[in-house]
Amino acid sequence: ANRREGIGVCGWILVSISFLLVLITFPISIWACIKVVREYERAVVFRLGRILSKKAKGPGLILILPCTDTFIKIDLRTVTCNIPPQEILTKDAVTTQVDGVVYYRIHSAVCAVANVNNVHSATFLLAQTTLRNVLGTQTLAQLLAGREEIAHSIQAMLDSATEQWGIKVARVEIKDVRIPVAMQRVMAAEAEATREARAKVVAAEGEMNASKALKQASMVLAESPAGLQLRYLQTLTTVAAENNSTIVFPLPINLLDGFGQKNRGG
């Protein structure tokens, strides 16, 4: 009953006539009526301009009437959409070129045919616009450090917008971010200055730790004069091992202490 109301009485008369012609010219007409739909394809059949059964047919053999039926095959395999480099002005006023790739597939052949004129072109243009809009709200540092989060955000926006087109966005990837040469030099100089500042801080911390260790060692040696003399002998041994041509005349530590007391007394 729904089909009769859809195509009308005249429509059913034409369908009946087409079916009779197929029967009269059988088996020659069977070659025009049988169509093969591959495993990764679906066929949307139109009967007098209306979608037959409101769903796609296939895979396998499908039967159509040559005079009243037409059909469109839709490929359900994943499509790779390569987004060319887009000129983008980031939130912190830096001009960059960003390109990416979008992977999507058609999950509803009827929506892809009936709701949009060219589903692949529409998805491609929407991906370009969404990429520019999303990256325009990010700073350069966020763009360089958070590619994965930005890609997930773009994927969610595309998937929501293309749902009525029968499209399922599987993955979005940002391939490359091109920065002007002048900006690259500035960023390199900034990174170098940051590393130098950190190196100076580390060296200062090392000097401070070394001075604390020397202070503790001097306090230990002050409490034990014999320990100072042993350290003196160890130093002589090290000098003799490294520079054999060097002649060292050791002086007793007590003798040096005597000179120090005479100078203070004078």
Side-chain angles (χ1 to χ4, degrees), residues 40 74-212:
Y40 54 86
I74 300 297
D75 196 329
L76 302 184
R77 291 177 294 182
T78 299
V79 179
T80 303
C81 177
N82 189 20
I83 303 176
Q86 302 293 308
E87 196 80 19
I88 296 171
L89 183 65
T90 61
K91 189 176 180 180
D92 51 352
V94 177
T95 302
T96 60
Q97 285 188 344
V98 182
D99 57 352
V101 59
V102 178
Y103 299 92
Y104 67 91
R105 62 180 180 84
I106 298 176
H107 70 86
S108 176
V110 174
C111 293
V113 172
N115 294 346
V116 62
N117 182 22
N118 190 332
V119 65
H120 297 292
S121 177
T123 304
F124 174 71
L125 295 176
L126 182 62
Q128 285 184 324
T129 305
T130 305
L131 180 67
R132 288 196 298 265
N133 292 340
V134 172
L135 297 184
T137 61
Q138 305 291 325
T139 63
L140 181 60
Q142 292 173 344
L143 177 58
L144 295 176
R147 291 190 184 185
E148 186 173 355
E149 291 78 8
I150 296 174
H152 286 310
S153 176
I154 296 174
Q155 177 183 349
M157 296 179 65
L158 285 176
D159 199 20
S160 176
T162 58
E163 178 66 25
Q164 60 181 348
W165 299 344
I167 296 293
K168 176 63 178 177
V169 179
R171 191 177 183 87
V172 176
E173 292 291 342
I174 297 176
K175 294 196 298 184
D176 191 16
V177 179
R178 298 181 180 89
I179 305 173
V181 178
M183 180 59 64
Q184 293 179 11
R185 294 173 181 171
V186 171
M187 294 175 65
E190 181 182 0
E192 185 177 357
T194 302
R195 287 193 297 268
E196 289 180 357
R198 290 178 182 177
K200 290 180 180 179
V201 171
V202 172
E205 291 178 354
E207 291 291 339
M208 182 178 64
N209 295 332
S211 62
K212 290 181 180 179

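Just so we're clear, the structure is a prediction, and the values are computed from it rather than from any experiment.
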Heavy-atom distance under 4.5 Å between the side chains of Asn133 and Met157, does that happen here?
no
More than 12 heavy atoms of other residues, nucleotides or ligands under 6.0 Å from CZ of Phe124: is that the case?
yes
Applying side chain to side chain contact (heavy atoms under 4.5 Å, CB included) between Gln138 and each of Ile150, Leu144, Ile88, Asp92, report the one that passes.
Ile150
For Val169 and Tyr104, which heavy atoms make the closest approach, and how far apart are they?
CA-CB, 4.0 Å
Is any side-chain heavy atom of Gln128 less than 4.5 Å from a side-chain heavy atom of Gln86?
yes
Sort out for me which residue in Ile83, Val102, Asp99 forms a side chain to side chain contact (heavy atoms under 4.5 Å, CB included) with Leu131.
Ile83
Under 3.5 Å, is there a donor-acceptor pair between the side chain of Asn115 and the main chain of Gln164?
yes
So does Lys168 get a backbone contact from the side chain of Asp159, meaning a donor-acceptor N/O pair under 3.5 Å?
no
Between Val79 and His120, is there a side-chain heavy-atom distance shorter than 4.5 Å?
yes
Any ion pair linking Glu173 and Arg171 (charged N to carboxylate O, less than 4.0 Å)?
yes
Nearest heavy atoms of Trp165 and Val116, plus distance in Å
CD1-CB, 4.1 Å
Please step through side-chain contact (heavy atoms from CB on, under 4.5 Å) for the pair Ile106 and Val119, ending with a clear verdict.
CA-CA 9 Å; Ile106 298 176; Val119 65; 4.0 Å; yes
Apply side-chain contact (heavy atoms from CB on, under 4.5 Å) to Val98 and Leu143, showing your working.
CA-CA 10 Å; Val98 182; Leu143 177 58; 4.1 Å; yes
Taking everything shown except Glu87 itself, do over 12 heavy atoms lie less than 6.0 Å from its CD?
yes
Supply the atom-to-atom distance Ile174 CD1 to Ile154 CD1, rounded to the nearest 0.5 angstrom.
4.5 Å
Check the pair Thr137, Lys91 against side-chain contact (heavy atoms from CB on, under 4.5 Å), reporting the backbone distance first and the verdict last.
CA-CA 5 Å; Thr137 61; Lys91 189 176 180 180; 5.8 Å; no
With side-chain contact (heavy atoms from CB on, under 4.5 Å) as the criterion, how do Arg105 and Arg77 come out once you've worked through the C-alpha distance, each side chain's angles and the decisive distance to 0.1 Å?
CA-CA 6 Å; Arg105 62 180 180 84; Arg77 291 177 294 182; over 6 Å; no
Determine yes or no for a side-chain-to-main-chain donor-acceptor pair under 3.5 angstrom, with Gln142 supplying the side chain and Thr139 the backbone.
yes
Is the backbone of Leu126 close enough, under 3.5 Å, to the side chain of Thr130 for a donor and an acceptor to pair up by distance?
yes
Looking at Asn118, I'd like to know if its CG atom is crowded, meaning that more than 12 non-hydrogen atoms belonging to other residues, nucleotides or ligands lie closer than 6.0 Å.
yes
Does Glu149 offer a backbone N or O that forms a donor-acceptor pair with the side chain of Ser153 under 3.5 Å?
no
For Ala170, does its backbone N or O pair with a side-chain atom of Gln155 as donor and acceptor, under 3.5 Å?
yes
How close do Lys175 and Val101 get, heavy atom to heavy atom, and via which atoms?
CG-CG1, 4.2 Å
